[in-house]
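Working notes, structure below.
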Number of protein chains: 2
Amino acid sequence: MRVELQGGEGPSTRPADRMSKRLSCAICGVRDRALCGALAPEQLPRLNRRACQRHYQAGQFIAAAGQRQDWLATVLSGVVKLTRTMCDGRQQIVGLLFPSDLLGRPFSDASPFGAEAATPVELCCLERPYFEELLHQESGMKHRLLERTLNEVDAAREWMLVLGRKTAEEKVASLILLMAQRLGSRNNGAATERPVSRFDLPLSRTEIAEYLGLRIETISRQLGRLRVAGVIDTEGGRRLAVRDMGKLEQLAGKEPV
Amino acid sequence: MRVELQGGEGPSTRPADRMSKRLSCAICGVRDRALCGALAPEQLPRLNRRACQRHYQAGQFIAAAGQRQDWLATVLSGVVKLTRTMCDGRQQIVGLLFPSDLLGRPFSDASPFGAEAATPVELCCLERPYFEELLHQESGMKHRLLERTLNEVDAAREWMLVLGRKTAEEKVASLILLMAQRLGSRNNGAATERPVSRFDLPLSRTEIAEYLGLRIETISRQLGRLRVAGVIDTEGGRRLAVRDMGKLEQLAGKEPV
DNA sequence: CGGCGTATTGACCACCCTCAACTGACGTGG
DNA sequence: CCACGTCAGTTGAGGGTGGTCAATACGCCG
């Protein structure tokens, strides 16, 4: 198989599909941060033609655990949760994907984890064989994937500390902090942004509990405690405002150094 | 910087260092599984000259969290634990490295995790700049690293289920199962081997507790329960024998499918 | 308004933590 | 040779955090 990508066709000769505007890499909001940001602008039109957009409603399944998945995707908008379920129904959220993150397990047909839309989600999908061939030809893209994956290992291990050693209060505080960091104003997903102090939680109480290894009632109680302590404000079910970021970090058990 | 690797010098012309035998890639027991297994045999002598072996006793620190680490290494023998510590002393083991695993965080000076020898450890070290340059030149090696890192993400996420959702008994059973899988007879570290039913735990009770998010007393009690249930035998502190592997898997909450 | 799903609050309790004492192996030194 | 200290592991008693079950409140929509 040979992926043709170099022969950048001239401008304004793109195929006459009506959806091309919605798929255009040129105006893609996450390209600079996604894997495809490693490609040169001339390569985009061809990539564009192989990409296909998919939409999911909140709660919809994107991929089942252990199932064969014949495409991979970049998250364009929304939040995707990766889950692991035991046979008796106990479930753990093992990761969250934000815009620009890659969904899918390269070089392996089936992932042991399920993927589910936590909010409405837009994906930009590529067929698996095409995607993997692209990786082999574009070493810059492969390098980006490697860096991303290394960061994900670090993040997963960091979360192991949360799950294994923190109290319920620290867990909830850690989650709020994580959300405040990743839900940057417009550039959702960037980790380096300054934390935002007012946002909608992309997860229900049940999902928060599944991410923190707690029960839903415990989440409610701890959020209540944080509210009466003046650390946060909760307005309705999902709207949340951080009143005292320093205190929140302290409660999350963040290292001083 | 240009890493010279291709010019394979002829046989029997190797430099007259007295330690070369102990460093020889030719007789290295983990090469086929380690990153350097992606290199052609002709490339080994030069790699050999840049590699340096280090030894650690059990309990010795290899790298401190947040500290700059100017080399990376392949684990030749022994078990390395990766730890994350909170300012009040609570500690979580976030990963274990077995022979052939890579120690260190490529493309980033400092890792947020500490590395400590759980058993006596032998490392095969390369300077960071040399290692990273090698990765750029040898795409096969880079690809191996990518696959390895993807597997590590999966393993870390799998462990998040253990930490977040399993009971103490299931946690201990899961750990024994993990050890039985990774401590293969001679090829320590290979994940695909059939589980071995008799081995020495590479971790103390305290370390097991730190890996499972439990207390040392709970470990003792759960091991006791597994022993009276006839699932395992404990002979002295660390020697352990699995009497009923099926029951152990069941207790670990392993999915049937 | 009534029905439904999600979130909150309360009462009770179990699992695991905490603290403490004890055992056994090992090494040192009188 | 045994006394002694140390360290890792075991065992026991009691308590606290978070789980469980149930009732209630709230938001959404027909």
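Values below: all heavy atoms of this structure, side chains included; hydrogens, waters and symmetry mates excluded. None of the values given here were measured: they were computed from a predicted structure. Chain A is the first sequence line, chain B the second, and so forth, proteins listed ahead of strands; every chain is numbered from 1.
Remark: P of dA7(C) and CD of Glu217(A) are 12 Å apart, rounded to the nearest angstrom. Note: CG (Leu214(A)) to P (dC15(C)) measures 18 Å, nearest angstrom. Residue Lys166(B) contributes atom NZ, which lies 14 Å from atom P of dC16(C) at whole-angstrom precision. Put simply, CG on Leu163(B) is 14 Å from P on dC16(C), counting in whole angstrom units. The nearest whole Å value for the distance from the CZ atom in Arg205(A) to the C1' atom in dT6(C) is 9 Å. Distance NZ (Lys171(B)) to C1' (dC17(C)): 12 Å, rounded to an integer number of Å. Residue Arg215(B) contributes atom CZ, which lies 16 Å from atom C1' of dA20(C) at whole-angstrom precision. Atom C1' of nucleotide dA7(C) and atom CG of Leu203(A) are separated by 15 Å, given to the nearest angstrom.
Using a 4.0 Å heavy-atom distance criterion, Gly213(A) is classed as a sugar-phosphate-only contact.
Near-neighbour residues of DNA chain D inside residues 218-233 of chain B, defined by a heavy atom below 4.0 Å, number-ordered: Ser220(B), Arg221(B).
Under 4.0 Å is where a charged nitrogen must lie from a carboxylate oxygen, and between Arg68(A) and Asp109(A) at least one such pair does. Using a 4.0 Å cut-off between a side-chain N of Lys or Arg and a carboxylate O of Asp or Glu, Asp101(B) and Arg148(B) qualify as a salt bridge.
Residues Ile208(B) and Thr206(B) fail the side-chain proximity criterion, which asks for heavy atoms closer than 4.5 Å. Looking only at side-chain heavy atoms (C-beta outward), Ile176(A) and Val231(A) stay at 4.5 Å or farther from each other. Annotation: side chain of Leu175(B) is in contact with side chain of Trp159(B) (closest heavy-atom distance under 4.5 Å). Using a 4.5 Å cut-off on side-chain heavy atoms (C-beta onward), Ser108(A) and Leu150(B) make no contact.
Smallest separation of non-hydrogen atoms from Arg165(A) and Gln91(B): NE-O, 2.8 Å.
For DNA chain D, the outermost nucleotides in 5' to 3' order that have an atom under 4.0 Å from a heavy atom of chain B are dG9(D) to dA13(D).
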Inset, instruction - Quick one: do Asp200(A) and Arg238(A) satisfy salt bridge (charged side-chain N to carboxylate O under 4.0 Å, His left out)? Show the steps, please. - result: CA-CA 5 Å; Asp200(A) 281 319; Arg238(A) 298 213 166 186; over 6 Å; no
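To the nearest 0.5 Å, atoms OG1 (Thr149(B)) and CZ (Arg105(B)) are separated by 8.5 Å.
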